[in-house]
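So that the names make sense, note that chain A is the first sequence line, chain B the second, and so on, each numbered from 1.
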There are 2 protein chains.
Amino acid sequence: MRKWFATHKSTILYTVSLGILLFLLRWLELRFMVIRYALEFYIGAIAIVFTAFGIWLALKLSRPKVNTVIVEKQIFLPRPADFTLNEKELEKTGLSTRELEVLQLMADGLSNQEIAAKLYVSLSTIKTHSSKVLEKMDVRRRTQAIDKAKKLNIIP
Amino acid sequence: MRKWFATHKSTILYTVSLGILLFLLRWLELRFMVIRYALEFYIGAIAIVFTAFGIWLALKLSRPKVNTVIVEKQIFLPRPADFTLNEKELEKTGLSTRELEVLQLMADGLSNQEIAAKLYVSLSTIKTHSSKVLEKMDVRRRTQAIDKAKKLNIIP
DNA sequence: TTTTCGGTCATACTTTAGGCTGATTTTCCA
DNA sequence: TGGAAAATCAGCCTAAAGTATGACCGAAAA
C-alpha cells in the first residue's frame with residue numbers, strides 16, 4: 001500500500017493540485033465576478049501554468065540518460081594470481097605429475113639436490129625426472145624449460 | 001534570420017498553437033453555446049492539454065540528463081606486454097646495464113656460451129657477468145636469479 | 001690527476017646439470 | 001591379473017655453470 005502510494009505520488013499530487021486550482025479559480029470567479037471578455041486571459045493563464053507544470057513534471061520524472069563510459073584500467077596483478085593452467089599444452093608435453101612437480105621446483109630456483117631433499121627422494125631420481133622434463137619439453141637446459149613452461153602457462 | 005527562426009521555433013510554435021487553440025475554443029463557445037457549468041471540464045481539458053504540451057516541450061528541449069557511470073574494465077594484457085620495469089628494485093640490486101642484459105638473456109634460457117656469442121664477447125666475460133649478477137642478487141643459481149628478477153619486475 | 005667503476009678476458013678449480021644405460025618397484029587400467 | 005606407464009635408484013661420463021683470482025682498458029668522477 002505504501003509502495004503503491006510512493007509510485008503514484010506524482011499522479012496523486014497532480015490530481016490534488018488540479019482540484020485545488022479549480023476550486024481556487026471557481027472561488028475567485030464567484031468572489032470577484034467573471035470578467036467575461038477576459039476569458040482569453042484566464043485560459044491563457046491556465047495554459048501557461050499547466051505548461052510550466054508539465055515542464056516541471058517532465059524534468060522531475062524523466063529518467064536520466066545513462067551514459068556509460070568504460071574506462072579501461074590496466075590491472076597489474078601479482079604474478080601468481082592470474083595463473084590458470086593451460087591443460088591442453090600440458091597434455092601435449094606428456095609430462096607426468098611428478099615431472100611437473102619437479103619442473104615447478106626448478107622454476108623456483110631449486111637445485112636438483114634441493115628438489116630431492118624436498119621430495120624425499122634421491123638425487124638420481126630427480127636427475128631422471130629432470131632429464132625427462134627436458135626431453136619431453138624439447139629443450140636442452142632447465143632455464144629454457146622454465147621459460148617455455150611459463151610461456152605455455154604450464155607453471156605460474 | 002533563418003537561424004533565429006530555428007532557435008525560436010518552439011516559442012513560435014507554442015504561441016501559434018496557443019492562438020489557434022484559443023480561437024478554436026472561442027469559436028466552439030459561440031457555435032454551441034457555453035455550457036456554464038461545464039467550465040470545470042473545459043479548464044480541466046486545457047490543463048491536461050497544456051500539461052501534456054509542457055511535458056512534450058520539456059522532453060524536446062531539455063538537455064538529456066547524463067549520468068556518467070564509469071566502469072573500470074580490467075585489461076589482462078598478454079604477459080610480455082604488461083611489463084613495466086621496477087627501477088627502484090633494479091637500483092637496489094646495483095646491476096649494471098651489461099649485467100642486466102646478461103640476466104635477461106639468461107631468463108630466455110640461453111647458455112653462457114650462447115650469450116657470449118650473442119653479445120660478441122668471450123665466455124669468460126659472460127661468466128664474470130653472471131657471477132656478478134648472482135652475487136648482486138644474492139642468489140646461488142641462475143634459475144634463482146631469474147625467478148627473483150621476475151618477482152621484482154626487473155625483467156619481463 | 002688519481003681513483004673508481006664498468007666491461008673485457010684468462011686460468012684453474014669445484015659444483016651442478018644433463019646424457020646414457022640399466023635396473024627395481026609401484027600404480028593403475030584394460 | 002598381466003602389462004604399460006610412472007616412479008624410484010645407481011653409476012659413469014661430459015657439458016655447463018659457478019667460484020676465485022688477477023689483469024687490462026677506457027670513461028667518468030672526485
For the student: nearest non-hydrogen atoms of [X] and [Y], plus distance:
{"X": "A/Leu103", "Y": "A/Ala149", "answer": "CD2-CB, 3.8 Å"}
{"X": "A/Val121", "Y": "A/Ile126", "answer": "CG2-CD1, 3.6 Å"}
{"X": "B/Ile155", "Y": "B/Ala107", "answer": "CD1-CB, 3.5 Å"}

Look for any protein N or O under 3.5 Å of an N or O in nucleotides 3-7 of chain C and output each such pair with its distance, or none.
unit_1	atom_1	unit_2	atom_2	d
C/dG7	OP1	B/Thr97	OG1	2.9
C/dG7	OP1	B/Arg98	N	3.0
C/dG7	OP2	B/Ser96	OG	2.1

List the atom pairs, donor and acceptor, that lie under 3.5 Å between side-chain atoms in residues 129-140 of chain A and the rest of the protein, sequence neighbours left out.
unit_1	atom_1	unit_2	atom_2	d
A/Ser131	OG	A/Lys127	O	3.2
A/Lys136	NZ	A/Gly94	O	2.9
A/Lys136	NZ	A/Glu99	OE1	2.8
A/Lys136	NZ	A/Glu99	OE2	3.4

- Task: Would you work out how much the helix from C/dT1-D/dA30 to C/dA30-D/dT1 bends between its ends, with each end axis defined by five base pairs, to 10 degrees?
- Result: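 Angle reported: 50°, given to the nearest ten degrees.
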Under a 4.5 Å cut-off applied to non-hydrogen side-chain atoms, are [X] and [Y] in contact?
{"X": "A/Ile154", "Y": "A/Leu100", "result": "yes"}
{"X": "A/Lys88", "Y": "A/Glu91", "result": "no"}
{"X": "A/Asn112", "Y": "A/Leu123", "result": "yes"}
{"X": "B/Ile115", "Y": "B/Leu110", "result": "yes"}

Please report, rounded to the nearest Å, how far the [atom2] atom of [N] is from the [atom1] atom of [X].
{"X": "B/Leu123", "N": "C/dA12", "atom1": "CG", "atom2": "P", "answer": "15 Å"}
{"X": "B/Leu105", "N": "D/dA17", "atom1": "CG", "atom2": "C1'", "answer": "16 Å"}
{"X": "B/Gln144", "N": "D/dA17", "atom1": "CD", "atom2": "C1'", "answer": "13 Å"}
{"X": "B/Gln113", "N": "C/dG18", "atom1": "CD", "atom2": "P", "answer": "17 Å"}
{"X": "A/Leu119", "N": "D/dA6", "atom1": "CG", "atom2": "P", "answer": "18 Å"}

- Check salt bridge (Lys or Arg N to Asp or Glu O under 4.0 Å) between B/Lys118 and all other residues, then give those that pass, not counting sequence neighbours.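 Testing B/Lys118 for salt bridge (Lys or Arg N to Asp or Glu O under 4.0 Å), a comparison that skips the adjacent residues, returns none.
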- Query: Are B/Ser124 and C/dC9 close enough that a side-chain N or O sits under 4.0 Å from OP1 or OP2?
  - Reply: no
Please tabulate, one pair per line, each protein N/O and nucleotide N/O from nucleotides 18-23 of chain D that are separated by under 3.5 Å, including the distance.
unit_1	atom_1	unit_2	atom_2	d
D/dG18	OP1	B/Arg142	N	2.5
D/dG18	OP2	B/Arg142	NE	2.9
D/dG18	N7	B/Lys127	NZ	3.4
D/dG18	O6	B/Lys127	NZ	2.7

- How far does CZ of A/Arg98 sit from OG of A/Ser96, to the nearest 0.5 angstrom? 9.0 Å
- Query: Where do A/Ile146 and B/Thr143 land on the side-chain contact (heavy atoms from CB on, under 4.5 Å) test, with the steps shown first?
  - Reply: CA-CA 9 Å; A/Ile146 293 165; B/Thr143 48; 3.8 Å; yes
- Task: In sequence, state the C-alpha distance, the side-chain angles, and the governing distance for A/Gln144 and A/Arg141, and then conclude on side-chain contact (heavy atoms from CB on, under 4.5 Å).
- Result: CA-CA 5 Å; A/Gln144 281 184 329; A/Arg141 276 174 296 283; 3.4 Å; yes
- Task: Answer with yes or no whether the hydrophobic clustering places A/Leu119 together with A/Met106; edges join I, L, V, M, F, W, Y residues whose side-chain heavy atoms lie under 4.5 Å apart.
- Result: yes
Distances under 3.5 Å between protein N/O atoms and the N/O atoms of nucleotides 24-30 of chain D, please, pair by pair.
none

